[in-house]
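Shown next, in structure tokens, is the structure this report addresses.
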Amino acid sequence: MRKLPVLLFALLLILPPACSRRASLEDRLLERISMLSRTADLGTVEYTVRKAVKARDEGEWFKIGNRRILFSCTARLKAGIRLDAIPLDRIVVDEEERSVSMVLPHAVVLSINIPPELIRLEYEDVTGFRSHFDDRERQALLKQGEREIVRDLPKLGILTEAEANAEEFFRSMLTQMGFENIQINFE
Amino acid sequence: MNRLDRIRNFALAALLILIVGLLLGLWLRNPKRRARGVQVETTAAVVEEVHRIGELSSAGFYEELVITDRDDSPLAFLRKEEGIRRITGSGDFVIICKGRVRAGYDLTKMQPEDITVSRDTLYVNLPPVSVLDVIINPADYEHFAGHRTHEETVGIILQAKQRLRADAVQAGILDQAEAAGTASLERLLSTLGYRAVVLTPRRDLVFRPLEQGGR
């Protein structure tokens, strides 16, 4: 019986930090961070790319059964040029000749969008006493798929296409403005 | 059985245990066996479609938000009891998302007559600004608590995208996109030798309220 007050006192010491931890966690969850920013990107090409992500798990030696999963993802990649990187001091206009010469920056990938509705679980097979792939495991697989799409970007030729389209876009706009001799270079 | 036989039997048993132990150790250290576990294989990305666009993205919005999908199963009312919730968990599904919204002008909507030159002045009619992309990729969300199927998770992320879009519009992304887009185009076009550049963004009166509903 003598130990009871000591135990109660110890419990009182433990409880307040536990409660405050819970409150701070909830505060953190409710906290919203947002930011509005200015950009100046001219997107000139969009690639739709498809990729399959598959995984098999034979488990440890003491686990009976195995499991397999297959996802297909579709990503939309946009590339173009940054307008604020155009050197304005290198735009040369000759009004009499109706000619213009300008330098454009090389193209960059502007956005990678993998819409969730285009991520499809194509196949899942679980045998023996194994459990299904859980939320964290599925997300880890999809993250890996996303990383590989980013890794494959240089092989897709999207930047070359973006530069060709950017050149055509500027040519068309400058022709509309009355320029006859247009010279565009990428640097 | 004399004492010598007993010692011999004991030594044989010890040797046998040692050999079995060694074999088990070797098997456990076998790289092939250790390579078991989740093995991920990905195929090469295949380009399905190439689409020419002309989007001037002039404003971006970034937001980190928490999406909670409450448990609406028949067990939910039982879980309101503290004791049961401690055993079964709350049943709620919580994810933390980091999403991005891009807004600006879709310049492919411009017609040739939208660009006119009169004396030394360039007149350009711009299409109305719109939300170009709402992006939450797999790497942009973190699973915090609960369990849902893949299809349910997709539905929850779509809800998060709708909320992100509405928040971006409410934060003024369209006004920002119009102002910043006009400014950057004016800066570029004014270097082409015109005395004045007049940019007129088209405004659709019913456009903005509809935008908030999502597309």
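Letters A, B, ... mirror the listed sequences (proteins, then strands); counts begin at 1. A quick note: this is a predicted structure, and the numbers were derived from the prediction, not measured.
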When [options] are compared by non-hydrogen pairs under 4.5 Å with chain B, the top option:
options: A/V49, A/N113, A/I69; result: A/N113
options: A/R136, A/Q139, A/K51; result: A/Q139
options: A/E148, A/K78, A/R68; result: A/K78
options: A/K143, A/E137, A/E46; result: A/E46

Practice task
Taking only Lys NZ, Arg NE, NH1 and NH2, and the carboxylate oxygens of Asp or Glu, determine whether A/E161 and B/R52 approach each other closer than 4.0 Å.
Solution key: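 Looking at B/R52 together with A/E161, the answer is no, because their closest N to O distance does not fall below 4.0 Å.
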Practice task
Carefully, step by step, assess B/R187 and A/D84 under the rule salt bridge (charged side-chain N to carboxylate O under 4.0 Å, His left out).
Solution key: CA-CA 9 Å; B/R187 183 172 149 267; A/D84 49 8; over 6 Å; no
Main chain of [Y], side chain of [X]: is a donor-acceptor contact present, judged purely on distance under 3.5 Å?
X: B/E55; Y: A/T44; answer: no
X: A/E146; Y: B/A139; answer: yes
X: A/T39; Y: B/A59; answer: yes
X: A/D135; Y: B/R148; answer: yes
X: B/N137; Y: A/I114; answer: yes

Given heavy-atom pairs under 4.5 angstrom as the criterion, report whether the side chain, backbone, both or neither of [X] touches chain B.
X: A/D41; value: both
X: A/I112; value: both
X: A/L121; value: both
X: A/R67; value: side chain

Practice task
Could you tell me the separation between the CD atom of A/E117 and the CD1 atom of B/I157, rounded to the nearest 0.5 Å?
Solution key: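 If I round to the nearest 0.5 Å, the distance is 11.0 Å.
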Practice task
To the nearest 0.5 angstrom, please state how far the CD atom of B/E151 sits from the CZ atom of A/R120.
Solution key: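 If we round to the nearest 0.5 Å, B/E151:CD and A/R120:CZ are 11.0 Å apart.
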Exercise for the section: For chain A, find which of B/G193, B/P112, B/A171 contributes the most heavy-atom pairs closer than 4.5 angstrom. Expected result: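 Among the listed options, the one with the most contacts to chain A is B/P112.
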Practice task
Check whether B/I136 gets within reach of chain A through its side chain, its backbone, both or neither, counting any heavy atom under 4.5 Å.
Solution key: backbone
Exercise for the section: Measure B/K161 against the heavy atoms of chain A and call it side chain, backbone, both or neither at under 4.5 Å. Expected result: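 Answer is side chain: those atoms of B/K161 sit under 4.5 Å from chain A.
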